Amino acid sequence: MAKVIVGLSGGVDSAIAAYLLKKQGYEVVGAFMRNWDSQLNNDILGNEWHGDICPQEVDYNDAKDVANKLGIKLLRVDFIKEYWDNVFTYFIDEYKKGRTPNPDIMCNKYIKFDSFLKFAKAHGADYIATGHYAKIVHEGDKSKLYKASDDNKDQSYFLSFLNQDQLHDVLFPLANIDKPTVRRIANELKLSIANKKDSTGICFIGERNFKEFLKNYIPATEGKIVDIKTNNVVGKHQGVYYYTIGQRRGLNIGGIKGSDGKSWFVVKKDVKNNILYVACGDDNEYLLCDEVLITDCNYLDDVKLNTFIDCTAKFRYRQKDVNVKIIRNENDTITVKSDTPLKAVTNGQIACFYKKDGQLFASGIIDSIYKDGKKVELN
RNA sequence: UGGGAUAUAGCCAAGCGGUAAGGCACCAGAUUUUGAUUCUGGCAUUCACUGGUUCGAUCCCAGUUAUCCCAG
């Protein structure tokens, strides 16, 4: 009987993943990970506690309930140092450069499908499993990553930085069922967390007042907000780091003459001069581009060099895929071209590419954007 | 100091005698394993102040205060 260690988070998805595996005849063991310690990591601002028990412990208790109900053993493991070294330092460094990182993608790459995978192997597991909505097809030694059947919950985007070795011994039991079904099964099993709200916020850290949270690690420095079109000062900010390209809320500017009653959006973060550039209107030209350069690429399948490929691209989670042409360059970067304008493509975020059948075959970090052959400066 | 104009929520701004539009901002929810975006809801018992006319005033009249413009 093959042994699977399932990452149990205390939520419904991983609970049902464990249940399904057990039903399929695997020897199932649960494991609860704790990768963030608010005390140790000096996370004071923006951290909301529920009573005198921190959110991570609430989740652990939920995971314990699930394990008891399913009749499986629950292990507990901390990767606090690993998380800090591999995910959080990257996260902060990127923000300091004026970019917008995606910590959860790195968390999957370095923690869940690396540290945790090794931990599971050391505990005799043949496979690890998680409650991700994504599909892996194992063909001999090759593993292909696909979107989940539930297009609404598909999380393949977050797994786009995994490599062949990492995918090899991974199972995603939720590949072919949708969220409503997961909820239904959880209710049938009378799991205490059957109707628990989906968690959001940075994985393992949780929901926060984001700006306050960042202030723990990047001090506030007040500066000007400038209208990129007129160069007029239209407001002030607490630090360009705290904002992201395409952001609307939190700018505190409104009713300025000439804006025609339109909202303002962040279009550029000048870290060096501490100036936040904005433009008004959600359709303003400063947010658009037609070409994107992707670096730090990860190829999950064979991709020929110097050859245009028609595919779809996702530039941010839960955004509609767009038809693009991509080309893998000599230096292993990818150039993306789109016939229709792309809006608010943000450097530091991850772009991933899908074939028509839903296979995620390449991904990388958005480095820079171009319009009409000219680079659009974002920093 | 003459002459003219304007004062409506944090900001733009409609209403010009019948009991305060709209937008931006903000706040709250929804959506969401990043950050955003998006969606829904909330947001002036009160119209610079003080009197007056009127059944009734943000709207008319007088005075006060403030700001702006043109002269000087």
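Quick note on labels: first sequence line is chain A, next is B, and so on, each numbered from 1. Computed from a predicted model, the values in this text were never measured in an experiment.
Within 4.0 Å of G201(A), counting heavy atoms only, lie sugar-phosphate atoms of the nucleic acid but no base atom. Among the protein residues, F210(A) comes within range of the sugar-phosphate backbone only, with heavy atoms under 4.0 Å from sugar or phosphate atoms but none that close to a base. Counting non-hydrogen atoms under 4.0 angstrom, G261(A) reaches the backbone sugars and phosphates but no base. Within the 4.0 angstrom heavy-atom criterion, only backbone atoms of the sugar-phosphate kind lie near S263(A); the bases stay farther away. Across all strands, L251(A) comes closer than 4.0 Å only to sugar-phosphate atoms, never to a base (heavy-atom distances). If you check every strand for non-hydrogen atoms under 4.0 Å, G250(A) touches sugar and phosphate atoms only. Within the nucleic acid shown, K320(A) has no heavy atom closer than 4.0 Å to any nucleic acid atom. Within 4.0 Å of N108(A), counting heavy atoms only, lies at least one base atom of the nucleic acid. Residue-level contact check: F204(A) touches neither bases nor backbone, having no heavy atom under 4.0 Å from any strand. Contact annotation for Q349(A): base contact, defined as any heavy-atom pair under 4.0 Å involving a base atom.
Judged by closest nucleotide on RNA chain B, A344(A) is the one of A344(A) and F265(A) placed further toward the 5' end. Judged by closest nucleotide on RNA chain B, N252(A) is the one of K211(A) and N252(A) placed further toward the 5' end.
In this structure, R328(A) is positioned above the aromatic face of Y299(A), its NZ or CZ under 6.0 Å from the six-membered ring centre and within 45° of the axis.
For the C1' atom pair drawn from C16(B) and G42(B), the interatomic distance equals 29 Å after rounding to whole Å. Comparing A14(B) with A44(B), their C1' atoms sit 14 Å apart, to the nearest whole Å. A gap of 14 Å separates the C1' atoms of U6(B) and U58(B), to the nearest Å. Taking atom C1' on both nucleotides, C24(B) is separated from A9(B) by 13 Å, rounded to a whole Å. Nucleotides C47(B) and U8(B) place their P atoms 12 Å apart, quoted to the nearest Å. The same atom, P, is picked in G63(B) and in G4(B); the two are 12 Å apart, to the nearest Å. Taking atom P in both A13(B) and U32(B), the straight-line distance is 40 Å, to the nearest Å. If you take atom C1' in C43(B) and the same atom in G29(B), they sit 15 Å apart, rounded to whole Å.
Checked against side-chain contact (heavy atoms from CB on, under 4.5 Å), T312(A) has the following partners two or more places apart in sequence or in another chain: D321(A), N323(A), Y354(A).
At a threshold of 4.5 Å between non-hydrogen side-chain atoms, the residues L145(A) and F172(A) count as touching.
Each of D154(A), D13(A), D150(A) was evaluated against Y133(A); a single residue qualifies, D13(A), per the side-chain hydrogen bond (donor to acceptor under 3.5 Å, both in side chains) test. Exactly one residue among I253(A), V226(A), V267(A), N284(A) makes a side chain to side chain contact (heavy atoms under 4.5 Å, CB included) with V278(A). That residue is I253(A). Of the candidates Y95(A), F79(A), F204(A), Y217(A), Y217(A) is the only one forming a ring pair (Phe, Tyr, Trp, His ring centres under 6.0 Å) with F88(A).
Distance from the side chain of Y317(A) is smallest for U34(B) among the nucleotides U38(B), C24(B), U34(B).
A donor-acceptor contact under 3.5 Å is not formed by the side chain of Q247(A) with the base of U37(B).
As rounded to whole Å, 16 Å separates atom P of A36(B) from atom NE2 of H237(A). In this structure, Y242(A) atom OH and G35(B) atom C1' are separated by 15 Å, rounded to whole Å. The nearest whole Å value for the distance from the NZ atom in K314(A) to the C1' atom in A36(B) is 15 Å. If you take CZ of R318(A) and C1' of U31(B), they are 7 Å apart, rounded to a whole angstrom. U32(B) atom C1' lies 13 Å from atom OH of Y157(A), rounded to whole Å. Between N284(A) atom CG and U37(B) atom P there is a gap of 14 Å when expressed in whole angstrom units. The interatomic distance linking R99(A) (CZ) with U34(B) (C1') rounds to 14 Å, in whole Å. We find that NZ of K197(A) is positioned 8 Å from P of U32(B), with the value rounded to whole Å.
For the pair R248(A) and U38(B), the criterion of a side-chain N or O lying under 4.0 Å from OP1 or OP2 is met. In this structure, R208(A) does not reach the U34(B) phosphate: none of its side-chain N or O atoms is under 4.0 Å from OP1 or OP2. Note on T346(A): every side-chain N or O is 4.0 Å or more away from OP1 and OP2 of G35(B).
Summarising the base pairing, U58(B) is matched to no nucleotide, lacking a Watson-Crick or G-U wobble pair whose two defining distances lie under 3.5 Å. The partner of G72(B) cannot be assigned: no Watson-Crick or G-U wobble pair with both contacts below 3.5 Å exists in any strand. Nucleotide A48(B) is matched to U64(B) when pairs are restricted to Watson-Crick or G-U wobble geometry with both distances under 3.5 angstrom. With a cut-off of 3.5 Å on both Watson-Crick or G-U wobble distances, the partner of G42(B) is given as C26(B).
Here the shortest heavy-atom pairing between N273(A) and D270(A) reads ND2-OD2, 2.9 Å.
With 3.5 Å as the limit, one finds a donor-acceptor pair spanning the side chains of N329(A) and T333(A).
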